[in-house]
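Step one of this worksheet: look at the structure below.
Everything numeric in this text was worked out from a predicted model, so none of it was measured.
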Amino acid sequence: MVGYESETVPGEQYGGPKVGISIPLWSNKNNVKRAKAQQEWAAVQYAGKVKQAGFELEHTYSQVESLQKSVKNYRKGLEEMSSMQLLNKSLQLGQISIINYVTEMNYYIGAYENFLSAEHDYYRALAVLMRYRL
């Protein structure tokens, strides 16, 4: 800094050129340490996110496998139990009562609802798994 400065004291006046230098010895003292700490924190967070995604992927994969088996079992059971036409024919021929017919239909409808619920869960889990494919 270069300039002219004057000072007035009662009875006297002083003036003259002023020269000065400012050396910032401690102004950026911890910037490097702070930047290194931030970099290490970001690396730790990134590693945590990668591990979390890996665990979620493994969990979702095992969930998809079990739901796929469940859906196959339900589908196979419904195909074997798919006797709605046979039930209607039996009711019309008088071989079963209306109570037996309604009971069997309720059992079939409940099994079909369980199948649809399992299939829904399977496709939702599969969509989550496909998110990691991209």
Side-chain angles (χ1 to χ4, degrees):
M1 145 176 88
V2 177
Y4 180 82
E5 187 172 319
S6 68
E7 183 174 341
T8 304
V9 179
E12 294 183 28
Q13 183 171 358
Y14 299 102
K18 178 180 178 182
V19 177
I21 187 167
S22 174
I23 302 174
L25 295 176
W26 292 278
S27 66
N28 293 327
K29 177 180 172 184
N30 293 320
N31 282 352
V32 173
K33 289 180 183 177
R34 184 169 21 112
K36 284 182 182 179
Q38 286 175 343
Q39 181 184 14
E40 289 173 6
W41 175 250
V44 167
Q45 281 191 327
Y46 175 76
K49 294 286 185 184
V50 168
K51 280 186 180 182
Q52 182 181 5
F55 290 141
E56 184 179 340
L57 182 63
E58 287 177 16
H59 173 72
T60 305
Y61 184 77
S62 65
Q63 186 179 17
V64 165
E65 281 184 329
S66 68
L67 285 171
Q68 186 178 26
K69 289 177 186 176
S70 177
V71 166
K72 283 182 182 178
N73 289 338
Y74 270 120
R75 188 172 281 136
K76 184 179 177 184
L78 286 174
E79 287 173 0
E80 291 173 359
M81 199 172 80
S82 159
S83 56
M84 288 176 45
Q85 294 171 348
L86 188 60
L87 276 174
N88 288 337
K89 215 179 231 187
S90 297
L91 181 65
Q92 289 173 357
L93 294 176
Q95 294 177 351
I96 60 172
S97 69
I98 190 74
I99 294 173
N100 287 344
Y101 175 78
V102 170
T103 304
E104 289 295 322
M105 286 302 289
N106 280 337
Y107 178 70
Y108 178 77
I109 290 170
Y112 192 72
E113 286 176 352
N114 290 340
F115 162 71
L116 291 178
S117 176
E119 192 174 40
H120 177 261
D121 293 342
Y122 167 71
Y123 283 118
R124 285 181 65 96
L126 191 63
V128 170
L129 191 62
M130 290 300 201
R131 177 177 63 187
Y132 292 105
R133 186 175 180 198
L134 300 175

Do you reckon Ile96 sits in the same ILVMFWY cluster as Ile98, going by side-chain contacts under 4.5 Å, direct or chained?
yes
Write down the atom of Ala118, the atom of Leu67, and the distance for their closest heavy-atom approach.
O-CD2, 4.3 Å
Verify same cluster id: Tyr107, Met105 (apolar side-chain graph, 4.5 Å)
yes
Derivation and outcome, side chain to side chain contact (heavy atoms under 4.5 Å, CB included), residues Gln63 and Asp121
CA-CA 9 Å; Gln63 186 179 17; Asp121 293 342; over 6 Å; no
Taking all non-hydrogen atoms of both residues, which atom of Thr60 and which atom of Ala125 are closest, and how far apart?
CG2-O, 3.4 Å
Check the hydrophobic clustering (I, L, V, M, F, W, Y; side-chain heavy atoms under 4.5 Å; chains of links allowed) and say if Leu91 and Ile109 are grouped together.
no
If we ignore hydrogens and angles and just use 3.5 Å, is the side chain of Ser70 paired with the main-chain N or O of Ser66 as donor and acceptor?
no
Tell me whether the rings of Phe115 and Tyr112 are parallel (<30°), tilted (30 to 60°) or perpendicular (>60°).
tilted
Could you tell me whether Gln45 atom CD has more than 12 heavy atoms of other residues or ligands within 6.0 Å of it?
yes
Nearest non-hydrogen partners of Glu104 and Leu87, listed with the distance:
CB-CD1, 3.7 Å
Would you say the side-chain atoms of Thr103 pair up with the backbone N or O of Ile99, donor to acceptor, closer than 3.5 Å?
yes
Separation of Leu78 CG from Tyr108 OH (nearest 0.5 Å)
5.5 Å
Taking all non-hydrogen atoms of both residues, which atom of Val64 and which atom of Leu129 are closest, and how far apart?
CG2-CD2, 4.2 Å
State, to 0.1 Å, how close Val128 and Glu56 come at their nearest heavy-atom pair, and which atoms those are.
CG1-OE2, 4.2 Å
Are the side chains of Lys72 and Gln68 in touch, meaning some heavy atoms are under 4.5 Å apart?
yes
To check you understand the geometry: which heavy-atom pair defines the closest contact between Tyr4 and Pro17, and what is its length?
CD1-N, 4.0 Å
Would you compute the distance between atom NZ of Lys69 and atom OH of Tyr74 and round it to the nearest 0.5 angstrom?
16.0 Å
Check the pair Leu116, Glu113 against side chain to side chain contact (heavy atoms under 4.5 Å, CB included), reporting the backbone distance first and the verdict last.
CA-CA 5 Å; Leu116 291 178; Glu113 286 176 352; 5.6 Å; no
